[in-house]
Amino acid sequence: MTKLIRGFNETNIWNLLAFLIVAATVIPVANLALGVLPGENENWRHIREYLLKDYVVNTLILFGFSGLFASLIGVSLAYLVTVFDFPGRRFFQWALILPLSVPAYIAAYTYSGMLGYTGIITRALSGLFGRDISIDIMSVPGAIFIFTFFLFPYVYIISRAFLAKYTASLIESAIMLGKNYTQIFFQVILPVSRGVIASGSALILMEVANDYGVASYFGIDTFSIAIFKVWFGMGDVGAAAHLSLYALAFIVFIILAEKAIRGQKRFAIATTKVRLLTPHRLRGAKAAIAAGYSMLVWSLGFFIPFLQLVAWSALTYEEVLDQSFLQATVNTVFAAAFCASLIVCCAAIITNSARISRSRLVRTAGKLTAVGYSAPGAVIAIGVLILFIWLNAMTELFWSYSLITSIYMLLFAYLVRFMAVGCNSLENGFEKIGKTYFEASRTLGFGVTRTFFKVDFKMLLPSMIGAFSLIFVDMVKELPLTLILRPFNFNTLATKVYEYAHDERVHHSAPVALIIIAICSISVYSLSKLDKE
Amino acid sequence: MKKFWLLTLSLFLLSTVLLTGCGGGTPAPAATKPSVEAKEVNIYTSRHYPGIDDAIYKSFTDKTGIKVNVIKASGEELLQRIKTEGASSKADIYLTADAGNLYLAKQAGVLQPFTSPALTKNIPADFIDTDKMWVGLTMRARVLVYAKDRVKPDDLSTYEDLTQPKWKGKIVTRSSNNIYNQSMLAAFIAMNGETQAKEWAKGITANFARQPEGGDRDQAKAVAAGKADVAIMNSYYLGQMLSSKDPLEVKAAESLGVFFPNQNTTGTHVNIGGAGIVKSAKNVDNAVKLLEYLSDIEAQQKFAEASTEYPVNPAVEPSALLKKWGTFRKQNINLSKLGEHNRRAVQIFNEVGWK
């Protein structure tokens with residue numbers, strides 16, 4: 001009996017902690033959305049009449065195509081590098097994660113530089129064909145291109161880990177039943193990995209939803225842009241809240257879709273026998289096609305823009321690099337590492353209590369963190385600011401410390417922003433582990449907490465480190481929150497890039513962009529090492 | 001209950017271990033310093049000419065011993081931050097690259113009036129707010145940039161002329177989200193009335209060579225590439241292209257000419273970068289000192305040379321490049337008008353379908 005009570009209490013404590021963390025991450029945004037009654041004022045009528053249709057259509061098109069293409073590329077490459085052996089496979093296995101290290105806004109600036117009138121690609125094409133040929137990247141298809149090629153690794157990483165560990169027997173059985181590899185991909189791999197694809201593409205769609213940099217530079221009206229314009233430009237909080245409700249509907253749709261896709265059939269592989277697949281060796285034309293496809297995607301998503309940035313850096317690094325960059329690098333790395341660790345711990349609490357709880361509410365609580373990940377950065381920033389002004393007023397009575405000029409406000413905003421990434425990764429981790437060990441341990445008399453540390457923790461550790469790397473990379477690239485919420489004289493690499501890029505001096509932003517890419521690459525590389533073990 | 005404390009303790013330990021393990025340890029340094037010193041001034045700025053501004057602040061600090069603390073973000077974002085922070089804001093100066101934003105700040109009630117003999121000496125009255133809430137520090141003109149090989153300067157005359165059918169498919173400019181375009185249309189509303197301004201926006205939209213995209217530089221490049229004949233853009237960006245390290249970009253810029261429109265009518269549209277002092281400012285004296293310094297000859301010269309903007313201080317000559325483009329007559333309106341009509345301008349853009 002005492003054991004029962006203790007177990008009950010423990011679960012409650014987990015739930016309580018999880019609830020507190022989720023509440024803390026949701027409050028800043030919810031506060032805004034609920035505090036303002038969406039109004040039917042003149043601005044709103046104006047938006048509805050002239051703009052709303054464009055916003056909806058553009059956002060849907062971006063969502064649909066970026067999500068579709070990125071998923072296809074991600075899964076097909078994951079299938080390719082795990083199931084087959086071809087020249088360069090070992091390299092591509094990890095190198096295909098690299099596009100994630102390039103911030104989308106930098107990719108957008110770089111590509112439009114290369115494809116602009118003075119750009120190297122335009123020059124090369126013109127030289128080749130003897131007349132001016134130009135590709136217009138600053139368009140909706142261009143934005144889809146950028147999102148696809150720089151975000152597909154979200155799907156790639158997660159489905160590769162899944163395929164490598166859990167599908168060996170399925171593939172072997174299918175071969176014995178006389179299926180060829182194309183049939184296997186469509187009939188076996190796609191269906192069984194739809195869960196991980198859904199969770200990878202949910203991250204992609206949320207990144208697309210919160211994007212401001214690419215859409216504003218390319219001149220595409222999306223919801224993120226609209227909210228910014230209405231609130232900051234027209235100063236109309238009510239109409240902005242109204243728009244946010246629409247945007248929120250998109251996000252809820254994504255979350256529900258993800259749940260539906262992966263929820264129908266739980267595919268937990270609770271087996272100790274993780275059997276690695278022996279890759280099938282490709283020869284001749286097939287090997288060339290496999291290598292060529294991987295090379296193409298890698299070049300477009302990383303190597304070509306990387307080379308261009310190196311070339312630009314050669315022009316400008318002397319002018320740009322100075323002492324302040326050392327400080328900015330230190331700031332960036334410390335803030336990212338600190339927050340990423342904290343988020344992973346919090347996400348472990350949230351996902352573990354979601355797993356052990358019977359309550360539907362707790363189970364879906366983790367999903368709420370998606371709000372922070374998918375809302376436009378500027379909106380979260382103001383939400384956090386309001387919260388901290390309130391906190392500041394409370395603490396002012398007995399503590400002279402000013403919270404709103406401190407770094408803690410920014411660090412907290414990072415938590416709000418990236419909690420969803422942590423939850424998403426760890427949820428997948430838990431799903432892979434399944435519940436059998438947990439149940440066995442509980443039957444043998446361990447409490448929930450003890451089970452977590454003694455049984456689940458070790459198995460979850462790879463997922464935790466994976467989540468850490470992902471969040472770390474996201475954080476190094478983060479821009480809007482840092483811009484608005486940073487304390488005086490606090491720079492990160494991303495804000496340094498912004499200063500030049502916003503002034504349309506892309507060449508000058510190149511050296512800093514390269515530092516960002518280098519730091520993210522290290523994190524990405526360690527992520528891939530981890531997967532191998 | 002023991003269990004609970006054990007759990008909490010272990011969680012804390014876990015996070016500490018993870019932190020030190022990942023090299024985190026302490027949150028980023030140089031961030032939290034209590035502001036007990038009065039020898040400082042805090043700026044929220046949307047000017048982002050790295051190097052230049054920082055160097056000017058540094059020489060100010062060297063001269064006066066007053067430390068300059070900076071937060072940079074876009075003008076809209078910073079204004080929102082000041083508004084939200086209210087009385088607890090630590091900002092002393094709000095510095096931005098557009099008169100429209102300064103007006104919005106004034107309207108929001110977050111600025112306070114200020115003046116000094118040095119300021120009125122350095123800055124012409126046109127560039128000072130009617131209620132002394134802000135001053136202009138640099139100026140830029142929104143000009144017509146044309147392809148030298150296809151357009152003769154004689155073909156160009158006014159902004160209004162660009163709505164003629166002969167320019168169909170030949171005009172480029174950036175999106176209406178951009179405050180420079182909004183301020184330009186706001187100026188037309190102020191001078192010619194709403195109906196004419198709307199006609200103008202409609203006419204320009206009908207003559208677009210393509211849907212607006214990219215920044216001002218991209219408009220210049222589109223003209224150089226032959227996609228359009230005339231771009232409406234800030235003089236500033238062409239100046240930057242001419243001083244680019246990329247020879248191709250310089251070559252492209254050299255194929256373009258600069259034309260100051262409306263010389264015989266209403267004058268060329270200009271806008272300013274300027275600053276106001278925040279209502280809740282704790283360091284008002286220091287803020288005034290800094291603005292005096294920024295409008296004085298030394299800083300104005302640096303602005304002019306490094307960023308190809310026009311100085312507002314009449315004692316300072318523009319850079320050699322700007323002088324080559326010649327002098328011009330500017331619109332004769334108080335720049336507060338740009339902000340006053342901003343909202344209507346945004347609406348008109350949406351109504352006529354200027355993306």
Side-chain angles (χ1 to χ4, degrees), chain A residues 6 10 13 46 50-51 112 116-118 123 132 134 138-139 216-219 221 225 229 232-235 315-316 327 331 334-335 337-338 341-342 344-345 378 382 385-386 389 392 401-402 404-407 411 447 449 453 468 483-484 486-490 495 499-500 502-505 507, chain B residues 3-4 7 10-11 14-15 18-19 22-24 26-32 34-35 42 48-50 69-73 76-77 80-81 84-86 88 90 104 174-175 177 211-218 221-222 224-226 237 240 244-246 248-249 252 343 346-347 350-351 355:
Chain A
R6 200 171 62 202
E10 257 182 73
I13 290 163
H46 176 82
Y50 298 106
L51 306 168
S112 75
Y117 174 60
T118 55
R123 293 289 101 200
D132 275 355
S134 61
M138 290 191 273
S139 55
S216 81
Y217 181 54
F218 284 4
D221 279 327
I225 302 282
K229 199 155 88 170
F232 291 65
M234 294 178 166
L315 293 175
T316 56
Q327 185 64 53
N331 287 348
F334 274 167
F338 178 80
S341 323
L342 208 57
V344 170
C345 294
I382 299 301
L385 187 58
I386 291 173
I389 286 167
N392 205 39
Y401 188 71
S402 163
I404 56 168
T405 46
S406 74
I407 182 86
L411 296 181
T449 313
F453 286 109
F468 176 88
L483 270 185
I484 309 181
R486 57 187 161 153
F488 285 109
N489 308 326
F490 180 82
T495 65
E499 282 170 27
Y500 288 107
H502 195 73
D503 198 29
E504 302 185 15
R505 290 200 281 171
H507 298 181
Chain B
K3 262 272 154 83
F4 171 71
L7 160 74
S10 48
L11 270 176
L14 174 71
S15 46
L18 270 176
L19 272 182
C22 303
T26 47
T32 52
S35 49
N42 300 328
H48 29 66
Y49 313 121
N69 297 317
V70 182
I71 292 179
K72 291 178 198 164
E76 292 89 347
E77 289 166 335
Q80 192 65 44
R81 179 165 176 175
T84 316
E85 286 174 337
S88 48
K90 295 284 181 280
L104 292 177
R174 66 200 285 183
S175 116
N177 288 345
Q211 287 300 321
E213 57 178 39
D216 270 10
R217 269 187 198 221
D218 296 306
K221 285 185 192 171
Y237 293 101
Q240 284 212 337
S244 169
K245 293 247 160 119
D246 180 352
L248 278 172
E249 208 156 87
R343 221 178 74 127
V346 172
Q347 289 176 343
N350 293 334
E351 284 161 19
K355 289 258 177 199

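Residue numbers start from 1 in every chain, and the chains themselves are labelled A, B, ... in the order their sequence lines are given, proteins ahead of strands.
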message: As an exercise, state the distance from CZ of R174(B) to CE of M138(A), rounded to the nearest 0.5 Å.
response: 10.5 Å
- prompt: Which one, L248(B), N350(B), D246(B), leads in non-hydrogen pairs under 4.5 Å with chain A?
  reply: N350(B)
statement: Rounded to the nearest 0.5 angstrom, the CD-CG distance for E77(B) and L483(A) is 6.0 Å
query: Between D221(A) and N177(B), which heavy-atom pair has the shortest distance, and what is it?
result: OD1-ND2, 3.7 Å
- line: Turns out that what part of L51(A) lies under 4.5 Å from chain B's heavy atoms comes down to side chain
task: State the OG1-CD1 distance between T495(A) and I71(B), to the nearest 0.5 angstrom.
output: 11.0 Å
message: I'd like to verify something: which residue of A222(B), G86(B), A224(B) has the highest number of heavy-atom pairs under 4.5 Å with chain A?
response: A224(B)
query: Counting only N and O atoms by type, is there a donor-acceptor contact under 3.5 Å from the side chain of R486(A) to the main-chain atoms of K72(B)?
result: yes
query: Who among Q211(B), E85(B), E351(B), K355(B) has the most heavy-atom pairs with chain A under 4.5 Å?
result: E351(B)
task: Name the option with the most non-hydrogen atom pairs under 4.5 Å to chain A; the candidates are G215(B), A225(B), S175(B).
output: A225(B)
message: Nearest 0.5 angstrom please: R81(B) CZ to I484(A) CD1, how far?
response: 9.0 Å
message: I'd like to check S88(B) versus I389(A) (side-chain heavy atoms, cut-off strictly below 4.5 Å). Are they in contact?
response: yes
- request: Could you tell me which portion of F218(A) (side chain, backbone, both or neither) has an atom closer than 4.5 angstrom to a non-hydrogen atom of chain B?
  value: backbone
